[in-house]
Amino acid sequence: MERDVLIIGGGASGLAAALAAAEVLGGQRVAVLERLDRVGKKLLATGNGRCNLTNRNAAPEHYHTAHPGRLARMLERVPPEAALDFFAGLGLLCDTQPDGRVYPYCYQASMVLDVLRAALERAGVSAVCGQTAARFCRDGGGLAVETQEGNRYRAARVILAAGGAAAPQFGTDGAGYALARAAGHSVRTPYPCLVPLRCAAFPAGLKGLRANGVLTLLDAGRPLRAARGEIQFAEYGLSGIPAMQLSCLLPQARQPQAAVDLLPQLSIEEVRGMLEARCQSSAFPTLETLLLGLVGKRLGYAAMKACGLQPLSRASAGLSPAERGALAETLKNWRFAVTGTLPWAQAQATGGGVPLCEVDENGASRKCPGLYLVGEVLDAVGECGGFNLQWAWATGIAAGRAAGQAALEGTPGQR
């Protein structure tokens with residue numbers, strides 16, 4: 001098979017690239033290679049099945065990369081408004097929440113995928129499924145892609161949209177990095193992002209509990225970043241959006257710890273004073289009642305046990321100043337040693353990848369003429385809230401348009 005533009009990977013960025021290239025060339029000159037039996041399967045799991053399509057507040061400060069300046073310029077090529085215009089042109093009605101998150105109006109990820117698939121069909125773009133790209137090679141003035149299944153596909157321009165290593169059950173197992181290396185690119189070591197944190201010696205009594213609070217990631221006691229929201233306690237450690245946000249920073253920490261603040265609206269001095277007053281009040285006669293109204297009962301018991309206190313066997317008045325201080329410190333700064341994250345299968349995104357300095361603002365490779373790199377294969381990962389899908393749409397649309405125009409004009413690949 002020969003096409004003007006060939007996209008490797010039928011995920012979010014690949015489908016956006018295919019449709020953008022088809023706008024320039026016509027769909028008959030564009031094809032998508034997908035290793036699974038259907039394109040876009042990973043989209044169905046985004047946003048807990050609701051597909052947080054983008055975020056109107058997408059900006060560099062919501063991303064992690066070694067090259068923020070290049071990332072900013074790439075985001076500017078297709079800002080959130082342009083991505084929404086792209087989907088409006090496909091017939092998708094969207095709903096914007098007050099915090100900037102954008103969802104399809106029906107709040108169904110399947111609708112986003114249906115709209116994209118229908119657009120591919122209307123445009124005449126070929127989606128060749130069950131084909132796993134194995135290697136690149138030069139072929140005349142273009143590139144050829146050989147698959148594990150023994151097929152060969154030629155194109156004037158190739159867009160690598162094979163994804164990262166997160167959620168390999170959806171076909172993204174990091175194979176795109178090998179293709180990028182074969183094309184001359186370097187790869188910053190990939191790591192799981194937007195994934196729960198494993199903690200050492202995690203108290204069994206915390207399993208299944210949730211609390212609104214602030215979670216801070218520390219390195220040898222030095223705060224790196226804090227995130228506020230619902231913190232979830234599991235048998236392995238910490239989950240919830242705050243933990244997942246902070247997982248993107250874990251490679252920066254040599255001695256990582258997570259600090260939980262269960263009462264972020266109060267200062268440590270206010271908590272100490274409140275505990276002292278309660279210990280002197282007849283309204284809170286025992287440790288069993290001491291934290292009543294402050295934190296959940298089971299969570300309060302676990303915090304006491306972490307301080308060496310037995311909540312069912314002592315009177316509040318018997319607490320020493322040191323014990324009250326230790327309990328206040330636990331409620332405000334409960335620390336857990338972080339040993340890593342859950343595996344790739346539980347990760348929503350990938351950190352690391354091909355450095356952004358190795359591509360231009362349209363994703364054109366500076367190492368391999370005719371090749372473009374988009375989406376998660378690049379060294380950029382966003383926070384929760386639609387930022388990673390915005391990166392996929394932005395890079396995919398920009399690369400698709402640029403590759404289509406270059407193929408149309410017959411211009412040589414950029415170095």
Side-chain angles (χ1 to χ4, degrees), residues 1-44 46 51 53-54 77-78 81-94 104 106 108-131 133 142-143 145 147 151 153-163 171 362-364 370-375 389-411:
M1 184 179 75
E2 184 170 351
R3 292 290 188 275
D4 288 311
V5 175
L6 180 68
I7 295 95
I8 299 175
S13 61
L15 297 182
L19 290 172
E23 289 179 0
V24 178
L25 294 168
Q28 298 295 330
R29 299 169 68 177
V30 180
V32 177
L33 292 185
E34 168 57 45
R35 67 189 303 178
L36 300 182
D37 59 344
R38 295 184 76 189
V39 298
K41 281 191 172 183
K42 190 175 179 180
L43 264 175
L44 297 176
T46 59
C51 193
L53 195 66
T54 183
R77 301 293 288 177
V78 184
E81 293 75 15
L84 291 175
D85 288 343
F86 172 80
F87 278 101
L90 303 182
L92 184 69
L93 183 64
C94 295
C106 64
Q108 295 177 6
S110 59
M111 181 58 69
V112 178
L113 183 53
D114 287 344
V115 165
L116 289 168
R117 285 174 171 163
L120 290 175
E121 186 174 351
R122 287 196 306 271
V125 174
S126 300
V128 186
C129 296
Q131 294 293 310
L143 293 167
V145 177
T147 69
N151 295 311
Y153 303 88
R154 293 188 69 256
R157 300 291 183 274
V158 172
I159 300 175
L160 181 57
N362 292 318
L371 177 66
Y372 295 74
L373 298 94
V374 299
L389 274 182
Q390 172 58 29
W391 177 251
W393 311 133
T395 56
I397 292 171
R401 290 171 177 167
Q405 193 62 39
L408 186 67
E409 296 173 353
T411 55

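Values in this document were obtained by computation on a predicted structure and should not be read as measured data.
Atom-to-atom distance recorded for Ser126:OG and Leu6:CG is 10.0 Å, nearest 0.5 angstrom. Atoms OG and CG, on Ser110 and Leu44 in that order, are 6.5 Å from each other to the nearest 0.5 Å. For the atom pair CG (Leu120) and CG (Leu90), the distance works out to 9.0 Å, reported to the nearest 0.5 Å. Between the CG atom of Leu93 and the CE atom of Met111 there is a distance of 10.5 Å, given to the nearest 0.5 Å. How far CG of Leu143 is from CD1 of Ile159: 11.5 Å, rounded to the nearest 0.5 Å. Note that OG1 of Thr46 and CG of Leu113 are 9.5 Å apart. Values are rounded to the nearest 0.5 Å.
Ser13 and Ala161 make their closest contact through OG-CB, 3.6 Å (heavy atoms, listed as atom of the first residue, atom of the second, distance). Closest approach of Val39 and Ala127 over heavy atoms only: CG1-CB, 4.1 Å. Between Val112 and Phe87, the closest heavy-atom pair is CG1-CE2, 4.1 Å. Contact record, Leu84 with Cys94: CD2-SG, 4.2 Å, taken as the closest heavy-atom pair. Taking all atoms of both residues into account, the shortest heavy-atom contact from Gly9 to Val32 is O-CG1, 3.8 Å. The minimum heavy-atom distance between Tyr372 and Ala406, with the atom names listed, is OH-CB, 3.8 Å.
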Could you give me the CA-CA distance, side-chain angles and deciding distance for Arg117 and Arg38, then say whether side-chain contact (heavy atoms from CB on, under 4.5 Å) is met?
CA-CA 10 Å; Arg117 285 174 171 163; Arg38 295 184 76 189; 2.4 Å; yes
Apply side-chain contact (heavy atoms from CB on, under 4.5 Å) to residues Leu43 and Leu116 and explain how you reach the verdict.
CA-CA 11 Å; Leu43 264 175; Leu116 289 168; 3.7 Å; yes
Under the criterion side-chain contact (heavy atoms from CB on, under 4.5 Å), I'd like the reasoning laid out for Val374 against Ile7: C-alpha separation, chi angles, the key distance, then a yes or no.
CA-CA 10 Å; Val374 299; Ile7 295 95; over 6 Å; no
For the pair Val128 and Tyr153, evaluate side-chain contact (heavy atoms from CB on, under 4.5 Å) and give the outcome as yes or no after the intermediate values.
CA-CA 11 Å; Val128 186; Tyr153 303 88; 3.8 Å; yes
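Among residues two or more places apart in sequence or in another chain, the ring pair (Phe, Tyr, Trp, His ring centres under 6.0 Å) test is passed with Phe86 by none. Partners of Glu34 under the side chain to side chain donor-acceptor pair (under 3.5 Å) rule, at least two apart in sequence or in another chain, do not exist in this structure.
Few gaps surround CD on Glu2; more than 12 heavy atoms of other groups in view lie less than 6.0 Å from it.
With Val145 as the partner, the side-chain contact (heavy atoms from CB on, under 4.5 Å) test is satisfied by one option alone out of Val158, Leu160, Asn151: Val158.
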Please set out all donor-acceptor pairs under 3.5 angstrom arising from side-chain atoms of residues 18-30, sequence neighbours excluded.
from	atom 1	to	atom 2	distance (Å)
Arg29	NE	Asp4	OD2	2.3
Arg29	NH2	Asp4	OD2	2.9

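Checking side-chain atoms of Thr395 against main-chain N and O of Gly375 turns up a donor-acceptor pair under 3.5 Å. Between the side chain of Trp393 and the backbone N or O of Val78, no donor-acceptor pair lies under 3.5 Å.
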